[in-house]
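Values below: all heavy atoms of this structure, side chains included; hydrogens, waters and symmetry mates excluded. Per chain, numbering begins at 1; letters A, B, ... match sequence-line order.
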There are 2 protein chains.
Amino acid sequence: MVGTDGDRAGDVIRPLRATVGKRPTIEMVASYCGVSRQTISNAINAPDRLRPETLRRVLKAIEETGYRPSHAARSLRKDATNVIGCRLLPSSYGGTGGVLDGWFHALCAAARSGGYDVLTFASSTDDEEIAVYDDLLRRRAVDGFVLTNTHHIDPRPAWLSEHGAKFVAFGRPWGTRNAPHSWVDVDGANGTAAAVRHLAGLGHTRIGFLGLAKGSGVGDDRYQGWASAMRALDLPTKGLVERAEDGIASGRALTEKLLEGPRPPTGLVCVSDSMAVGAIRAVEDRGWRPGRELSIVGFDDSPIASVLRPSLSSVRQPIVAVAGELVAALLAELSDSNRRPSRILLAPRLVVRESSGAQHDSARLVVRESSGAQHDSAELHRFDEVAAPAPAMPAPATQPPREKVSANA
Amino acid sequence: MVGTDGDRAGDVIRPLRATVGKRPTIEMVASYCGVSRQTISNAINAPDRLRPETLRRVLKAIEETGYRPSHAARSLRKDATNVIGCRLLPSSYGGTGGVLDGWFHALCAAARSGGYDVLTFASSTDDEEIAVYDDLLRRRAVDGFVLTNTHHIDPRPAWLSEHGAKFVAFGRPWGTRNAPHSWVDVDGANGTAAAVRHLAGLGHTRIGFLGLAKGSGVGDDRYQGWASAMRALDLPTKGLVERAEDGIASGRALTEKLLEGPRPPTGLVCVSDSMAVGAIRAVEDRGWRPGRELSIVGFDDSPIASVLRPSLSSVRQPIVAVAGELVAALLAELSDSNRRPSRILLAPRLVVRESSGAQHDSARLVVRESSGAQHDSAELHRFDEVAAPAPAMPAPATQPPREKVSANA
DNA sequence: GTATTGCATATGAACGATCAAAAGCGCTAG
DNA sequence: CTAGCGCTTTTGATCGTTCATATGCAATAC
């Protein structure tokens, strides 16, 4: 309190420099404007407890001193860090580079606007990643995690659950049915189905699929979309599917194989842009032109898609919306401990370019929802655990969603 | 101390569950192995103060309880967070995507192995970025920063210096001579010079340059390398330079312009891969083939370089080494407050592919240092501030470095 | 035998915030 | 006039470390 003379509650503002040292603490601000610690704290955390007049004075003092609560002190007391941990994606992700740094950017932005920071780390294997989780949890350096790149036999969700960590995953819990954690994912089946419909709309009837080896989750999902769309359109599927590991080389080889078959496809949906690039190679090897003798659609809309010549039609994931939903889900989980996990599936959007052979005018045909936000429009499906029993296979790719809400751009 | 019976100093190990709650604190570990707080702390921070026997016992207890010091408590007490702040690069960086996520990955790895974590944030403008710096500093959430993407009139270094923040920059302080902070950069002039020598070695005498508008720092540096190498080889430079903003479209237009000139180049060094892609387009527009009628070299070795057809020769930056040096410099600065700033320049490496028209066999010709580490070899120049007076222009691109040390792969 | 030294370990205080509870104070009720 | 209530503000305790200093104890010195 440091009682000075003339303590009229009015405007006892002491000289700033005298009271405030290098970086102000709550105590300094308090004495600076003649109130107690707790009043400053309340002005920040529970403004409604202050008399309007006091609040005004305190906020002014905070403004003038540039005070911000110490991260360490606050974390220590509240046992919450307001920091989210997230593994940086391996640079090779997607094979064709850089699909997801836009996502990461959006993630950081969303976190920050929710009052959180993002702590980033690198790891190459699941075990290494778990070791980092362990470290960060033990040191109480983060409140929760955002998982990326979930895959088939993924030890991470189980480990985190067992250790009582809060987290949300980008990617469905492939293989495990009805996992108890929140996730956000892109409806790959929807994307490949859109690709099929696009090609069929251009007159193709023999539409092939270049996929990943079975059991890859993402690959199976995207395959399902192709298969069900083909079925829905009464198109033949036999002899039109090839699978291998991701990559340009394998895309080329598989396309070769399809084209040498008895009744080769005239359209081709690929599980990734890498595969699609391989397909383009194979077509060019024959002296053909992509979009003419074989129409090709990729997946991911990686940076190369628009740079290639011919440019590559590709299914774009609504990465910004995904990031926003992830942060929203995690923050919800952090604030309300035992709420129902949220499962959110966002629809991707087909970007039509040259490789699918659409006329310039029909490029507007895209998917019908494309009229929305210019940058990152997406349909949103929320899976309500109670209303909809857990699907038999990973996710109800072809079934209509329960709810449909328009996503925030 | 909780004095129990039979307090022989020997092995008074109490049942783990009884003593240790959810996440163990230092106090729990202490009582668990029958010593005081401070002894545990010492075992971690100053092991030499303990009797070997005690140390062993304590370490065992730490191991068994899985104890790790609370990040918040430690930061609060030590007034140091062991966290580095770094802005996530804009996703559009480099125009052709994803050059730098490998760098970021390496940065995180290096930081972690030095006992630090990386806090990531997104920002679109310099002012926005400074606002985040301000926030993080006020909250004492980070110990220092790694700056990226330094550019011509860059308010960030000055702001950070004025506010007494520790930081290192990836990129020279363009425009400001002899800035007082540490930096690490890639010797772009060295890279374009290597590209010139490569093309000259293939027999080219008219080698053009596609650059950025003057004053862009990076662009000027790379231009200087081209110019000085041309001079050194006694090759003509007149009418061989075009400049504009970065991008595929402008690369295409500029190349067009050069090729329509009186004595068009047969080789072309580009300031970026985007420009180079544009150049390829322009060549193809004429029905020519890159690497035949016009040999093209890009800069950055972005993911598209190897995917393009013909594949693009390009200058690769030693991003992993850069990240390592940055972390090393920052940690040094953090531990020894008023040490001389370190300025480190790393040499890039030319990756020869089809677009430069080299024979398959001569692809081994690269740069002579290329025999080093397979992933990320780099020459390292350390500029000793005392010995070498600050260069007149940004950096002594063509002058021989003072010291030369082989970089850690 | 007591003082001196040195080493190993223990104790009190502090870092800067928030939580829980107490205190001041103006008003109304009994 | 005093008690009780409601609202605003203050005080004491606490989070989990590390720093600075104190204590215990054995070996050596005087």
Undergrad: Taking side chain to side chain donor-acceptor pair (under 3.5 Å) as the definition, give me every residue that meets it alongside B/Arg51, ordered by chain and number, with sequence neighbours left out.
TA: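 So B/Arg51 forms no side chain to side chain donor-acceptor pair (under 3.5 Å) with any residue.
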Undergrad: Between C/dA17 atom C1' and A/Asn82 atom CG, what is the distance in whole Å?
TA: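 Rounding to the nearest Å, CG of A/Asn82 and C1' of C/dA17 are 13 Å apart.
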Undergrad: Which residues satisfy the ring pair (Phe, Tyr, Trp, His ring centres under 6.0 Å) test with A/Phe104, sequence neighbours excluded?
TA: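 Scan of A/Phe104 (ring pair (Phe, Tyr, Trp, His ring centres under 6.0 Å), adjacent residues dropped) gives none.
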Undergrad: Check the orientation of A/Trp103 and A/Phe170. Use parallel for under 30°, tilted for 30 to 60°, and perpendicular for over 60°.
TA: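 Because their plane-to-plane angle lies in the 30° to 60° range, the rings of A/Trp103 and A/Phe170 count as tilted.
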Undergrad: Holding to side chain to side chain donor-acceptor pair (under 3.5 Å), I want the full list of residues that pass it with A/Ser36, two or more places apart in sequence or in another chain.
TA: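 Here the qualifying residues are A/Thr39.
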Undergrad: Taking only residues two or more places apart in sequence, or in another chain, which ones meet A/Ser75 in a side chain to side chain donor-acceptor pair (under 3.5 Å)?
TA: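 Side chain to side chain donor-acceptor pair (under 3.5 Å) list for A/Ser75, sorted by chain: empty.
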Undergrad: Taking all atoms of both residues into account, what is the closest heavy-atom pair of B/Ala110 and B/Ala323, and its distance?
TA: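 Scanning both residues completely, I find the closest heavy atoms to be CB-O, 4.5 Å.
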Undergrad: Taking distance alone, no hydrogens or angles, what donor-acceptor pairs closer than 3.5 Å link side-chain atoms of residues 154-162 of chain B to residues at least two apart or in another chain?
TA:
{"unit_1": "B/Asp154", "atom_1": "OD1", "unit_2": "B/Arg156", "atom_2": "N", "d": "3.1"}
{"unit_1": "B/Asp154", "atom_1": "OD1", "unit_2": "B/Arg156", "atom_2": "NE", "d": "2.9"}
{"unit_1": "B/Asp154", "atom_1": "OD2", "unit_2": "B/His151", "atom_2": "N", "d": "3.3"}
{"unit_1": "B/Asp154", "atom_1": "OD2", "unit_2": "B/Arg156", "atom_2": "NE", "d": "3.4"}
{"unit_1": "B/Asp154", "atom_1": "OD2", "unit_2": "B/Arg156", "atom_2": "NH2", "d": "2.7"}
{"unit_1": "B/Arg156", "atom_1": "NH1", "unit_2": "B/Glu129", "atom_2": "OE1", "d": "3.3"}
{"unit_1": "B/Arg156", "atom_1": "NH1", "unit_2": "B/Glu129", "atom_2": "OE2", "d": "3.0"}
{"unit_1": "B/Arg156", "atom_1": "NH1", "unit_2": "B/Thr148", "atom_2": "O", "d": "3.1"}
{"unit_1": "B/Arg156", "atom_1": "NH2", "unit_2": "B/Thr148", "atom_2": "O", "d": "3.0"}
{"unit_1": "B/Arg156", "atom_1": "NH2", "unit_2": "B/Asn149", "atom_2": "O", "d": "3.2"}
{"unit_1": "B/Ser161", "atom_1": "OG", "unit_2": "B/Pro157", "atom_2": "O", "d": "3.1"}

Undergrad: Give the residues of residues 132-140 of chain A touching DNA chain C, defined as any heavy atom closer than 4.0 Å, sorted by residue number.
TA: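 Residues of residues 132-140 of chain A under 4.0 Å from DNA chain C: none.
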Undergrad: What's touching nucleotides 18-22 of chain C from the protein side, N or O pairs under 3.5 Å?
TA:
{"unit_1": "C/dT18", "atom_1": "OP1", "unit_2": "A/Asn45", "atom_2": "ND2", "d": "2.7"}
{"unit_1": "C/dT18", "atom_1": "OP1", "unit_2": "A/Arg74", "atom_2": "NE", "d": "3.2"}
{"unit_1": "C/dT18", "atom_1": "OP1", "unit_2": "A/Arg74", "atom_2": "NH2", "d": "3.1"}
{"unit_1": "C/dT18", "atom_1": "OP2", "unit_2": "A/Ser41", "atom_2": "OG", "d": "2.5"}
{"unit_1": "C/dT18", "atom_1": "O2", "unit_2": "A/Arg77", "atom_2": "NH1", "d": "2.4"}
{"unit_1": "C/dT18", "atom_1": "O4", "unit_2": "A/Arg37", "atom_2": "NE", "d": "3.4"}
{"unit_1": "C/dC19", "atom_1": "N4", "unit_2": "A/Gln38", "atom_2": "OE1", "d": "2.7"}

Undergrad: Over how many whole Å does the gap from B/His71 atom NE2 to C/dC15 atom C1' extend?
TA: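 Whole-Å distance recorded here is 14 Å.
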Undergrad: Without decimals, in angstroms, what is the distance between B/Arg23 CZ and D/dC15 C1'?
TA: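 Distance check: B/Arg23 CZ to D/dC15 C1' gives 15 Å.
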Undergrad: Under the ring pair (Phe, Tyr, Trp, His ring centres under 6.0 Å) test, which residues partner A/Tyr67, sequence neighbours left out?
TA: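 Expected list: none.
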Undergrad: Over how many whole Å does the gap from A/Arg51 atom CZ to D/dT8 atom P extend?
TA: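 In whole Å, D/dT8 P and A/Arg51 CZ are 8 Å from each other.
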Undergrad: Heavy atoms under 4.0 Å, any strand shown: does B/Thr54 hit a base, just sugar-phosphate, or nothing?
TA: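 Sugar-phosphate, no base atom in range.
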Undergrad: Not counting sequence neighbours, which residues clear side chain to side chain donor-acceptor pair (under 3.5 Å) with B/Arg139? List them please.
TA: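 B/Arg139 satisfies side chain to side chain donor-acceptor pair (under 3.5 Å) with A/Asp117, B/Asp135 only.
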Undergrad: Quick one: list whatever passes side chain to side chain contact (heavy atoms under 4.5 Å, CB included) with A/Pro47, sequence neighbours left out.
TA: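 For A/Pro47, the residues satisfying side chain to side chain contact (heavy atoms under 4.5 Å, CB included) (neighbours in sequence not counted) are A/Leu55.
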Undergrad: Could you tell me whether the phosphate oxygens of C/dA10, OP1 or OP2, come under 4.0 Å of any side-chain nitrogen or oxygen in B/Thr39?
TA: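 Yes, such a contact exists.
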Undergrad: Would you kindly compare A/Thr25 and B/Ser36 by the position of their nearest DNA chain C nucleotide and give the one closer to the 5′ end?
TA: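 The residue whose closest nucleotide sits nearer the 5' end is B/Ser36.
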Undergrad: Let me know the distance between CG of A/Asp48 and P of D/dG6, rounded to the nearest Å.
TA: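 Going from CG in A/Asp48 over to P in D/dG6 covers 17 Å.
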Undergrad: Taking only residues two or more places apart in sequence or in another chain, which ones pass side chain to side chain contact (heavy atoms under 4.5 Å, CB included) with A/Arg140?
TA: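 Testing A/Arg140 for side chain to side chain contact (heavy atoms under 4.5 Å, CB included), a comparison that skips the adjacent residues, returns A/Asp79, B/Arg23, B/Thr25, B/Ser70.
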Undergrad: Rounding to an integer number of Å, can you tell me how far A/Asp79 CG sits from D/dT14 C1'?
TA: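 About 12 Å, once rounded to whole Å.
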Undergrad: So for the helix from C/dG1-D/dC30 to C/dG30-D/dC1, with five pairs setting each end axis, what is the inter-axis angle to 10°?
TA: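 Rounded value for the end-axis angle: 80°.
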Undergrad: I need the CD-P distance between B/Glu27 and C/dT9, as an integer number of Å.
TA: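 Answer to the nearest Å: 17 Å.
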